[in-house]
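Structure, as structure tokens:
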Amino acid sequence: DVPYSILASAYAKAGMDSESEAIFKRMEACDIKPSIEFFNTLLSAYIGSPYLEKVDRVIYLAEKYGCRFTLATYTLVMEVYTKAKQPQVAEKILEEMKRSGVRPDAITYGVLIDGYCKTHNLAEAERVFRIMLNEQQEPETSTYNSLLHGYASKGMKGEAERLFNLMQSLCCKPNVVTYNTLISMYSRIRKYNQATQLYTTMQAAECKPDAITFKLLHRAYILSENHLEASKIIIDMKNAGFRF
RNA sequence: UACGUCUUGAG
């Protein structure tokens, strides 16, 4: 089933879930037993799709084929629901996975936390964050990024700064997404100096800016009417191999 | 050994 899974994965990544399903039908016809990884691949195709019933169908089929759900399976199903703005349903699945003896990891909790952040339930996000700490799971950089973005989108600068300090005190290294999130926040609240200062901070931390960083920095300088610095950003951007 | 998480903007 491996070649079929790789094929289905390619289609799923391209957002072509109907092709993935066609592959499943061919596998059935050839009497090939799909692995759990194959079903995981199908699940990933339904992330962001409005057809949540299809997820139940995949779960039903996986059970029918006697596949044992893995950590990735549960995490994917949870992500389907968080991306559909239903983090409460995702949390039910988290409880179900615990009952069936599969231990959630940092990514699993990260998915749920992101789901609460995206629905503006920051108190719930913090609650889950504390649960994961109690369970000795180290939050990933991306999890801090989710929380930072949650606070940033509400303009809660103080909370965002608290998290940025917290992550570093817990030895979690900020990445380019972390800096981009903060630059975007400072720009939105018109703190252009703080936004652009992060360019220096990230370089000192040996974090490479990406295309988004340059775009955000450029905009911050334009909005603060500092056209000289804005043009310097364009130069840096080109030197870093990005095109304008 | 194939499978799971984060940021800009457009829409």
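Throughout, protein chains are lettered first and strands after them, A, B, ... in sequence-line order, and every chain is numbered starting at 1. Since the model is a prediction, treat every value here as computed from it, not as a measurement.
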Has K83(A) got a side-chain N or O lying under 4.0 Å from the OP1 or OP2 atom of C6(B)? yes

Among C3(B), U7(B), G9(B), which is the nearest nucleotide to the side chain of I212(A)? U7(B)

Nucleotide G4(B), atom P - distance to CD of E140(A) in whole Å: 13 Å

Contact summary for N40(A) and L76(A), nearest pair of heavy atoms: O-CD1, 3.3 Å

NA contact type, L71(A), heavy-atom cut-off 4.0 Å: base, sugar-phosphate, or nothing? base

Have Y186(A) and T196(A) got a donor and an acceptor in their side chains that come within less than 3.5 Å? no

Starting from P on U8(B), measure out to OH on Y221(A) and report it in whole angstrom. 20 Å

Counting distance alone, no hydrogens or angles: does the base of U5(B) have a donor or acceptor under 3.5 Å from a partner atom on the side chain of E79(A)? no

Distance-only side-chain donor-acceptor flag, T181(A) / S184(A), under 3.5 Å: no

Y199(A) atom OH is separated from U7(B) atom P, nearest whole Å, by 23 Å

Answer yes if the side chains of N145(A) and N175(A) hold a donor-acceptor pair under 3.5 Å, and no otherwise. yes

Can you confirm whether the side chains of E126(A) and Y116(A) place a donor and an acceptor under 3.5 Å from each other? no

Side chain of I107(A) only, heavy atoms from C-beta on: which candidate in G9(B), C3(B), U5(B) is closest? U5(B)

Short side-chain N/O contact from H149(A) to OP1 or OP2 of U8(B), under 4.0 Å: yes

Considering only heavy atoms, which members of residues 173-194 of chain A lie under 4.0 Å from some atom of RNA chain B? V177(A), N180(A), T181(A), S184(A)

Separation of U5(B) atom P from N40(A) atom CG, nearest Å, is 11 Å

After noting the C-alpha distance and the side-chain angles of Y109(A) and E135(A), does the key distance pass the side chain to side chain donor-acceptor pair (under 3.5 Å) rule? CA-CA 11 Å; Y109(A) 283 110; E135(A) 297 189 3; 2.4 Å; yes

When clusters are formed from ILVMFWY side-chain contacts under 4.5 Å, directly or step by step, what else is grouped with Y192(A)? L223(A)

Given the structure, check if the side chain of T108(A) and the base of G4(B) hold any donor-acceptor pair shorter than 3.5 Å. yes

Selection from G9(B), U5(B), A2(B) that lies nearest to any side-chain heavy atom of E37(A): A2(B)

Ignoring hydrogens and angles, are the base of A2(B) and the side chain of S35(A) linked by a donor-acceptor pair under 3.5 Å? yes

Under 4.0 Å, heavy atoms only, any strand: does D105(A) hit a base, just the sugar-phosphate, or nothing? base

Under 4.0 Å between a side-chain N or O of K118(A) and OP1 or OP2 of U7(B)? yes

Between U5(B) atom P and D114(A) atom CG, what is the distance in whole Å? 10 Å

